[in-house]
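This report concerns only the one structure given below.
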Amino acid sequence: MRYSGIGGQAVIEGVMMKNRDQYAVAVRKPDGKIEVKKEMCNSVRDKYKIAGIPVIRGVVSFVESLMMGIGTLNYSASFFEDEEGEEKEKEKSSGKKEDLLMMLVTVAAVIIAVGVFLLAPFLISEALRHTIRSPQMRGLLEGVIRVVLFVAYVKLISLMKDIKRVFMYHGAEHKVINCLENGQELTTENVRKQSLAHKRCGTSFLLIVMFLSILLFMFIAVKQMWLRMVLRILLIPVIAGIAYEYIRYVGKHDNKVIDVISKPGLLLQSLTTAEPDDSMIEVAIASVDAVFDWKEFISCADEAVPETAASSETEEKGEGDIEILNLDDGDEEEDEILNALNRYFEAPEEKTEEEKK
């Protein structure tokens with residue numbers, strides 16, 4: 001599978017795809033036609049070098065992608081409102097108000113997520129402190145509760161008709177990206193055959209966040225309860241940044257070790273994706289067409305050129321496939337340690353021979 005750098009998310013009756021500094025939202029309107037909106041997007045990382053530092057860039061990308069995700073969801077929802085025409089006019093005349101509202105909604109969503117998935121498990125584990133004396137065991141219990149809450153939440157919302165359709169579009173998004181990264185033309189027939197799972201999915205990102213939180217929170221052994229709670233909140237950006245680096249690396253490399261450690265995330269994606277119908281696949285293809293020259297990408301792959309002008313240009317500002325989180329690759333060079341690890345796992349026999357010499 002060849003890394004494309006394109007990523008996206010499912011929206012209401014549609015798919016958003018992002019490639020470098022532009023994104024497109026394709027929506028199947030009530031009349032059956034596909035509406036495609038293409039926009040440019042600027043990142044804080046383009047203005048400030050500090051925003052491109054490893055871990056920090058993950059936090060920046062997460063916040064920017066979350067805001068973009070909410071914006072594209074609002075856009076797709078506008079097609080299904082009663083006063084569609086009036087809504088569009090309001091959007092054009094009140095851009096600043098819309099940006100402010102989007103920011104407030106984003107902040108509210110983060111606060112709710114922190115309360116439900118971070119503080120609730122913490123308070124439950126603290127209530128058992130007299131029964132479970134070990135801080136490490138309470139930290140482990142806290143992490144398990146967090147994972148259970150997340151899985152239960154996803155399973156519950158998947159029962160809703162509208163959410164189920166979003167998960168089907170999520171599946172269409174994955175299938176389209178898998179199709180072009182497997183070097184096949186983006187036709188409905190080819191896309192239909194592809195897998196629903198993808199290593200750079202936001203579901204995998206969230207699982208990594210929860211796993212890292214278990215490891216870190218198990219060893220926060222301060223006595224004051226309020227301080228333990230504050231430290232958990234302060235560590236959220238750090239955990240998200242580390243998870244970003246992990247997903248970024250995994251998404252660009254293929255070897256047996258990565259396949260194994262990616263399995264839990266791929267299995268969890270079975271809850272957030274569903275088989276799309278052909279009309280959904282057409283929408284996903286339309287979104288990719290607007291921002292990505294997949295024909296050139298595939299032709300370069302057929303010529304067996306490992307790094308082409310098209311792919312290297314994409315990787316300059318590559319995007320990851322993380323639904324609400326698009327992975328911007330600000331750095332063209334991989335860390336030397338990561339490259340060394342990758343070479344080792346991809347060619348263990350050669351490394352062994354070299355060591356013998």
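We number each residue from 1, following the sequence as shown. None of these values were measured; they are calculated from a predicted model.
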As an exercise, state the distance from CD1 of Ile177 to NZ of Lys199, rounded to the nearest 0.5 Å. 13.5 Å
Tell me if a side-chain donor or acceptor on [X] pairs with a main-chain N or O of [Y] at a distance below 3.5 Å.
X	Y	answer
Lys38	Ala290	yes
Glu181	Ser4	yes
Ser125	Phe122	yes
Ser287	Val25	no
Lys18	Arg20	yes
Asn190	Glu185	yes

Pair [X] + [Y]: basic N to acidic O under 4.0 Å:
X	Y	answer
Glu189	Arg192	no
Lys175	Glu275	yes
Glu142	Arg232	yes
Glu126	Arg228	yes
Glu13	Arg28	no

Cluster check Leu271, Leu159: I/L/V/M/F/W/Y, side chain < 4.5 angstrom: no
Do Leu267 and Val209 share a hydrophobic cluster, counting only Ile, Leu, Val, Met, Phe, Trp and Tyr and linking them when any side-chain heavy atoms are less than 4.5 Å apart? no
Are more than 12 heavy atoms, taken from residues, nucleotides or ligands other than Ile50, located less than 6.0 Å from that residue's CD1 atom? no
Can Thr187 and Val191 be said to form a side chain to side chain contact (heavy atoms under 4.5 Å, CB included), step by step? CA-CA 6 Å; Thr187 63; Val191 172; 6.0 Å; no
Are side-chain N/O atoms of His170 and Gln269 paired as donor and acceptor at under 3.5 Å? no
Could you check whether Phe62 and Tyr244 have their ring centres less than 6.0 Å apart? no
Distance under 6.0 Å and angle within 45° of ring axis: Lys37 vs Tyr75: yes
Pro237: which of Ile242, Val59, Val55 passes side-chain contact (heavy atoms from CB on, under 4.5 Å): Val59
